[in-house]
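Accompanying notes for the structure given below.
Residues: numbered from 1 along the sequence shown.
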Amino acid sequence: MEFYAVKALSALIEPPGLFAVLMLLCALGVRRHPRLAQWLGMLGAALVVLLSTTPVSHALLDSLSHYPPATPPALQRAQAIVILGGGTQYGVRAGGGGTVTPMALERLRYGARLARQTRLPVLVTEGAPAGREPGAVDMVRALLEWGVAPRWTEGRAMTTFDNARYAYQTLAAAGVTRIALVSHAWHLPRAVALFEQVGFEVIPAPAYVPGPRRHTWRAWLPSMQALELSTLAVHEYLGHAWYRLRYGSGA
């Protein structure tokens with residue numbers, strides 16, 4: 001129940017739900033509080049424009065990307081590779097009913113490359129809402145297409161904290177406590193903190209590390225792609241705050 005309550009709340013304070021809330025407040029207050037409604041409208045418009053520009057979205061995500069690419073010497077210390085899920089697309093006819101999202105595909109592709117290079121065993125972790133097939137099943141299908149067969153499949157996790165604790169239950173029983181953790185660079189600070197909290201020694205293995213940015217004037221034009229990236233960053237900042245309050249970690 002807590003999971004769905006948190007998801008509903010986050011939907012209202014992250015874009016685009018945040019914009020809808022601001023517009024609703026503006027409409028409700030336009031008669032009794034016209035000055036406040038005006039300011040709320042201006043704030044909403046400014047946020048829409050700024051968060052929809054590429055330089056702003058890149059700055060937000062890059063501020064979270066603390067880890068450099070994993071090096072071969074660092075990876076040699078790992079006993080296994082853990083790949084975090086990045087969502088599932090349901091109702092896809094060509095995918096047999098479901099398939100991984102593009103974000104998950106980036107993590108899986110990088111994790112498969114590391115697995116081939118290091119010969120380390122792989123664990124994939126992602127659950128699903130009640131009545132759905134676990135996302136980890138689709139992760140396994142994707143990895144098999146690259147010739148990588150995961151040794152462990154964890155399909156109960158609904159949050160990053162779940163990923164950490166269920167992965168530890170599985171791997172610690174097999175004597176594995178040093179892992180290479182694969183996710184996006186902007187997600188790893190929170191994920192690494194949680195995985196270390198449950199008992200792992202973690203070698204961060206970011207699937208996507210941003211390089212130097214060069215933006216032309218066109219990058220300042222609003223776009224849906226930039227808004228999506230900004231939303232990821234806002235979600236991650238809120239995740240840091242929530243896990244710090246809930247578990248005393250994830251920051």
For this session: Taking all non-hydrogen atoms of both residues into account, name the closest pair between G44 and L22 and its distance.
Result: CA-CD1, 3.7 Å

Exercise. What pair of heavy atoms forms the shortest contact from A226 to S52, and how long is it?
Worked result: CB-O, 3.2 Å

Exercise. What do the steps show when you test L61 against H184 for side chain to side chain contact (heavy atoms under 4.5 Å, CB included), and what is the final call?
Worked result: CA-CA 10 Å; L61 276 182; H184 283 77; over 6 Å; no

Problem set entry | Hydrophobic cluster identity match, I203 and V209, side-chain contacts under 4.5 Å | no

Problem set entry | T170 side chain reached by L123 side chain, heavy atoms, under 4.5 Å | yes

Problem set entry | W220 side chain near T216 side chain, heavy-atom distance below 4.5 Å | no

For this session: Give me the ring orientation class for Y168 and F200: parallel if the planes are under 30° apart, tilted from 30 to 60°, perpendicular past 60°.
Result: perpendicular

Seminar exercise, completed: dist L24:CG -> F19:CZ (nearest 0.5 Å) comes out at 15.0 Å

Problem set entry | Salt bridge present between R213 and D62 (N-O < 4.0 angstrom) | yes

Exercise. Would T88 and E126 count as a side chain to side chain contact (heavy atoms under 4.5 Å, CB included) if you check the C-alpha gap in whole Å, the side-chain angles of each, and the deciding distance to 0.1 Å?
Worked result: CA-CA 9 Å; T88 300; E126 183 172 31; 3.9 Å; yes

Exercise. Do R156 and Q169 come close enough that some side-chain heavy atom pair is under 4.5 Å?
Worked result: yes

Seminar exercise, completed: Exactly one candidate in L194, V192, V82, T177 meets side-chain contact (heavy atoms from CB on, under 4.5 Å) with V202; the answer is V192

Seminar exercise, completed: Note: L114 and A205 closest approach over all heavy atoms is CD1-CB, 3.8 Å

Exercise. If Ile, Leu, Val, Met, Phe, Trp and Tyr residues are connected whenever their side-chain heavy atoms lie under 4.5 Å apart, and connections chain through other members, are L18 and L43 in the same group?
Worked result: yes

Exercise. Okay, side chain of T101, backbone of G86: is any donor-acceptor separation there less than 3.5 Å?
Worked result: yes

Problem set entry | Contact summary for L40 and C26, nearest pair of heavy atoms | CD1-N, 4.2 Å

Exercise. Going by distance alone, is a donor N or O of one side chain under 3.5 Å from an acceptor N or O of the other, for T53 and H215?
Worked result: no

Problem set entry | Linked, directly or transitively: M23 and L227 (ILVMFWY side chains, under 4.5 Å) | no

Problem set entry | For the student: nearest non-hydrogen atoms of R107 and V182, plus distance | O-CG1, 3.5 Å

Exercise. Does A191 offer a backbone N or O that forms a donor-acceptor pair with the side chain of E196 under 3.5 Å?
Worked result: no

Problem set entry | E14 CD: over 12 foreign heavy atoms closer than 6.0 Å | yes

Exercise. About how many Å separate OG of S230 and CD of Q225, when rounded to the nearest 0.5 Å?
Worked result: 11.0 Å

Problem set entry | Donor-acceptor side-chain pairing of T125 and N163 below 3.5 angstrom | yes

Exercise. Between CG of L171 and CD of E154, what distance do you get to the nearest 0.5 Å?
Worked result: 10.0 Å

Exercise. Is it true that the side chains of R165 and Q197 contain a donor and an acceptor less than 3.5 Å apart?
Worked result: no

Exercise. Measuring from E236:CD to L188:CG, what's the distance to the nearest 0.5 Å?
Worked result: 9.0 Å

Exercise. Would you call V122 and R151 a side-chain contact if the rule is heavy atoms closer than 4.5 Å?
Worked result: no

For this session: Taking only Lys NZ, Arg NE, NH1 and NH2, and the carboxylate oxygens of Asp or Glu, determine whether R141 and E133 approach each other closer than 4.0 Å.
Result: yes

Seminar exercise, completed: In this structure, OH of Y237 is separated from CG of L60 (nearest 0.5 Å) by 6.5 Å

Exercise. Is any side-chain heavy atom of T159 less than 4.5 Å from a side-chain heavy atom of Y243?
Worked result: yes

Problem set entry | Over 12 non-hydrogen atoms of neighbours within 6.0 angstrom of CH2 in W146 | yes

Exercise. Once you round to the nearest 0.5 Å, how far does CZ of R109 lie from CG of L105?
Worked result: 5.5 Å

For this session: For H66 and S63, work out which heavy atoms get closest and say how close.
Result: NE2-O, 3.0 Å

For this session: For residues F195 and L84, determine if any side-chain heavy atom of one lies less than 4.5 Å from a side-chain heavy atom of the other.
Result: yes

Exercise. Do L245 and L12 sit in the same hydrophobic cluster, where Ile, Leu, Val, Met, Phe, Trp and Tyr count as joined when their side-chain heavy atoms come under 4.5 Å apart?
Worked result: no

Problem set entry | I13: which of V21, V234, L238 passes side-chain contact (heavy atoms from CB on, under 4.5 Å) | L238

For this session: Check whether any side-chain N or O of S57 sits under 3.5 Å from a backbone N or O of T54 as a donor-acceptor pair, and report yes or no.
Result: yes

Exercise. Would I179 end up clustered with Y67 when hydrophobic side chains under 4.5 Å apart are linked, directly or stepwise?
Worked result: yes

For this session: Evaluate the side-chain proximity of P134 to V137: yes if any heavy-atom separation is below 4.5 Å, no if none is.
Result: yes

